Q: 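Handing you this structure, nothing more for now.
Being a predicted model, the structure only gives us computed values, none of them experimental.
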Amino acid sequence: MDPLSLIANTLEASFLSLAQRDDDALACLRRAFDIDPDFWVAHLHLGGIHFKMGRPAEAIAALQRARIHSDNAPQTIAALGYILARGADPKGARACL
């Protein structure tokens, strides 16, 4: 695996998170952010990991960064809307719709 590949580090983080190794996943994402702090796919995955770990505020912040850096990619808006709805912010979730 290419240690300088943004997508490889991000996908490794995703797989580690699925294996319940969230701390290791966060370390992979840190490597991706060291290469490119604006890589929106890594911010998208970071948001999911934070939400899974019970950190909704951090999840929302990461997904907002993903939305901005992706120029409003639909995946980022959908993930943000989902987390806002799960976090009892129906107004924010509706805004995503």
Q: Any idea which heavy atoms bring Ala59 and Gly47 closest together, and the distance?
A: CB-O, 3.2 Å

Q: According to ring pair (Phe, Tyr, Trp, His ring centres under 6.0 Å), does anything in residues 44-97 pair up with another residue at least two apart or in another chain? List the pairs.
A: His43-His69

Q: CG/Leu84 to CD1/Ile77 distance, rounded to the nearest 0.5 angstrom?
A: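 Separation between the atoms: 12.0 Å.
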
Q: What's the spacing between Cys96 SG and Asp89 CG if we round to 0.5 Å?
A: 8.5 Å

Q: What pair of heavy atoms forms the shortest contact from Gly81 to Ala93, and how long is it?
A: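 So the minimum-distance heavy-atom pair works out to O-CB, 3.6 Å.
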
Q: Drop me the distance from Gln64's CD to Ile83's CD1, to the nearest 0.5 angstrom.
A: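 Output value for this atom pair is 10.5 Å.
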
Q: Is it true that a side-chain atom of Ser5 and a backbone atom of Asp2 form a donor plus acceptor pair closer than 3.5 Å?
A: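 Not at all, since once roles are kept as given, no pair shorter than 3.5 Å links the two residues.
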
Q: For the atom pair CG (Leu63) and CD1 (Ile68), what is the distance rounded to the nearest 0.5 Å?
A: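 Here the interatomic distance stands at 11.0 Å.
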
Q: What about Leu18 and Leu16, same hydrophobic cluster or not, with Ile/Leu/Val/Met/Phe/Trp/Tyr joined at side-chain heavy-atom distances under 4.5 Å?
A: no

Q: Hey, could you give me each pair passing salt bridge (charged side-chain N to carboxylate O under 4.0 Å, His left out) that has a residue in residues 16-27? Not counting sequence neighbours.
A: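 Pairs touching residues 16-27 that pass the test: Arg21-Asp24, Asp22-Lys52.
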
Q: Output yes when a side-chain donor or acceptor of Asn9 lies under 3.5 Å from a complementary backbone atom of Leu4, and no otherwise.
A: no

Q: Give me the other members of the hydrophobic cluster that Ile49 sits in, counting Ile, Leu, Val, Met, Phe, Trp and Tyr linked by side-chain heavy atoms under 4.5 Å, directly or via other members.
A: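 Besides Ile49, the hydrophobic cluster comprises Leu26, Leu29, Phe33, Leu46, Met53, listed by chain and residue number.
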
Q: Does Phe15 belong to the same Ile/Leu/Val/Met/Phe/Trp/Tyr cluster as Leu44, with side-chain heavy atoms less than 4.5 Å apart forming each link?
A: yes

Q: So does Ala66 get a backbone contact from the side chain of Ser70, meaning a donor-acceptor N/O pair under 3.5 Å?
A: yes

Q: Tell me whether Thr10 contacts the main-chain N or O of Leu6 through its side chain, where contact means a donor paired with an acceptor under 3.5 Å.
A: yes

